[in-house]
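Written below as structure tokens is the structure these notes are about.
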Amino acid sequence: MSVHGRIIVRVGDCRIDVPIDIASGTTVALIGPNGAGKTTVLRCLAGLQPLDDGRLVGADGVWDDPGAGVFVPPQHRRVAMMFQQHALISHLNVRDNVAFGPRSRGVGTTAANQRAADVLARVGAAHLIARRVTDLSGGEAQRVALARALAADPEVLLLDEPLAALDAAARPAMRRLLAADDLPTRVIVTHDPIDALTLADQIMVIDDGALVQAGSPRELVDTPRSAYVAEILGLNPLSGVLTGDQLLIGGYPLTVGAHTVADGDVVAVVRPRSVSLHRSRPEGSPRNVWSTRVEAIERSADRVRVRLGAPLPLVVEVTEGGLAALDIGTGDEVWASVKASEIAVFPN
Amino acid sequence: MTSQRTRRRRTAPRTPVPIVALAVIAVVFFALPLLALVLRVPWSDVGDLFTASAPREALLLSLLTSVIATACALVLGLPLAWVLARTQLPGRHVIRAVCTLTMVLPPVVAGVALLAALGRRGLIGASLNDWFGIRLPFTTPAVIIAQVFVAMPFLVLTVESALHSTDRTVEDAARTLGASPWTVIRRVTLPAVRPAILSGLVLTWARALGEFGATVTFAGNFPGTTRTLPVATYLALESDVDQALLMSVLLMVVSFVVLVSMRDRWTGAIGGRR
């Protein structure tokens, strides 16, 4: 189901004003720092938080229009929300939790239980059906929560940090489930750029209650409109001074590729995967080669991020195998290189 | 050396003697009167307690009125607890204070207040009398009203506290799954606070059963209609001490059973979490 409109709402001290344009069947990621208003946007879409102003229109009609006095409560919107902490009903077992949606919409017990069994099987949790929800691990509980949301047969699936409460081992499986083609329209709140970039068709970057930039992952990565967007997407924004194809960052010169930006203060974006690491000075074409030290190595889920020290504080993304081949650790000296064409510059 | 260290780690630090001494005095202070009561009871006459009509009448009246009072407290107290816990009603702190004041008020004062409101010349009582010919004071309904008046706060506070500590996101999730507000209350919220409701009911019932001051003041002590077990016990002290002792033990046993059956459950409910 498509949803569009504009969410204007005040929660505590935070005013949120975000345009909404969700195309049917797509996955939209809301990304931004804590307290930016991402979850509030989700709650407005669910109908858990009425709008103060603006308007929300689903494909089936107006959902919320304070000006016209229209408000469709959550139970009459075809949405289901999945919460960060699974929010399962602790006095019901797994099957009854998953059957809760159909039962609430008037489906008979037998049919609802059958539906619960089907959906649990679909998310690979059929074996959990008779368990008490208090006995589930974090990953299992989140699977059951996803099954419960899907069992309600929603047109829009709202996911609030679906991966944040999971340990690293449980994440890849949940990520695969969330990426499945047969799911309804999805809105995912996340603070992890990798999740946003890999799961979403559209990304909305939100900060301080406002939409900073919206676009496809490709558009955002290629042309982040601000250093902030680059930063939140984990794209290594660097401030510097541009003169022709020469970029000076904190006194260190880099050669950049073709661009249309005027000389002066700029922000350069270096994508974490476009930097190569080497044990010794590399031969060949890259124009930008420098020696540095490994400041930290961070592992998140199935990838490794290597943080480099002076002269250029960059984060480099490598595979686990690539890191093993390099055989480097924190504090080791390393050579880094990046092609001129891989450095994008934007006016600051 | 290592054995000494492990031993020290295992045992709690020694409790200072003055604390132990005062705690022992506190225990004796509670246990002695109760023990005296049990020892003084003429156990050979226990049979008389149930054959003699007066105590039996009082016991039945107490059971009947306290159970009805508890039911009334449930019907009124649950919605009140809900409003206090779940709405942004302005002045709800004042409302909470007003609705729980009788818990700390001297029961006699509660009785006088009920007379002032529902007595034959009372604020509402006068109209009830003039228009409908209803006179509440000194009737069995008055006993129940007095019990609800002083006992309901226990239910309200217990349930309100539990409602505060429930996970609201579970209710939100249920709403987005298609549950109407009533379904959410019935299938999510009430089951979640069920232990607190049970604790509140038992506390309320125990308080209603033991009610004396407000009952005597507002309902009097007419045998068969308003003379409850605590009232009968007090009166018996002047005529038949043995009977008073027996009835006291009866009340004590009931209270003790309630306390034991609750154990950690009530502290959990009142504290909000386990």
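The sequence lines fix the lettering, A, B, ..., with proteins before strands; numbering per chain opens at 1.
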**Item:** Residues of residues 179-187 of chain B with any heavy atom under 4.5 Å of a heavy atom in chain A
**Value:**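 The residues closer than 4.5 Å to chain A, in numerical order, are B:Ala179, B:Ser180, B:Pro181, B:Thr183, B:Arg187.
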**Prompt:** What is the minimum heavy-atom distance between B:Leu37 and B:Ser248, and which atoms define it?
**Reply:**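 Taking every non-hydrogen atom into account, CD1-CB, 3.8 Å.
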N/O donor-acceptor pair under 3.5 Å between [X] side chain and [Y] backbone:
{"X": "A:Asp17", "Y": "A:Ile8", "answer": "no"}
{"X": "A:Ser137", "Y": "A:Glu140", "answer": "yes"}
{"X": "B:Glu211", "Y": "B:Ala214", "answer": "yes"}
{"X": "A:Asp52", "Y": "A:Arg10", "answer": "yes"}
{"X": "A:Asp201", "Y": "A:Thr27", "answer": "yes"}
{"X": "B:Ser62", "Y": "B:Leu229", "answer": "yes"}

Table please: side-chain donor-acceptor pairs of residues 68-82 of chain A below 3.5 Å, with sequence neighbours left out.
| unit_1 | atom_1 | unit_2 | atom_2 | d |
| --- | --- | --- | --- | --- |
| A:Arg77 | NE | A:Val72 | O | 2.7 |
| A:Arg77 | NH1 | A:Cys44 | O | 3.0 |
| A:Arg77 | NH1 | A:Leu45 | O | 3.0 |
| A:Arg77 | NH2 | A:Trp63 | O | 3.3 |
| A:Arg77 | NH2 | A:Val72 | O | 3.0 |
| A:Arg78 | NH2 | A:Ala152 | O | 3.3 |
| A:Arg78 | NH2 | A:Asp153 | O | 3.0 |

**Message:** The test is side chain to side chain donor-acceptor pair (under 3.5 Å); show your working for B:Thr65 and B:Gln147 and say whether it passes.
**Reply:** CA-CA 8 Å; B:Thr65 53; B:Gln147 290 174 346; 3.3 Å; yes
**Exceeds 12 heavy-atom contacts within 6.0 angstrom, atom CZ of A:Arg6** =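 Open: at most 12 neighbouring heavy atoms sit under 6.0 Å from CZ of A:Arg6.
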**Asked** Which members of residues 89-101 of chain A, sorted by number, sit under 4.5 angstrom from chain B on a heavy-atom basis?
**Response**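 Under the 4.5 Å heavy-atom cut-off, A:Ile89, A:His91, A:Leu92, A:Phe100, A:Gly101 qualify.
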Top contributor to chain B contacts, counting heavy-atom pairs under 4.5 Å, from [options]:
{"options": "A:Ala151, A:Ala87, A:Gly106", "answer": "A:Ala87"}
{"options": "A:Gln84, A:Arg148, A:Arg103, A:His86", "answer": "A:Arg148"}
{"options": "A:Ser104, A:Ala149, A:Pro154, A:Pro102", "answer": "A:Ser104"}

**Request:** Please list all pairs passing the salt bridge (Lys or Arg N to Asp or Glu O under 4.0 Å) test where one or both residues lie in residues 72-94 of chain B, with sequence neighbours left out.
**Result:**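 Sorted result for residues 72-94 of chain B: B:Arg86-B:Glu171.
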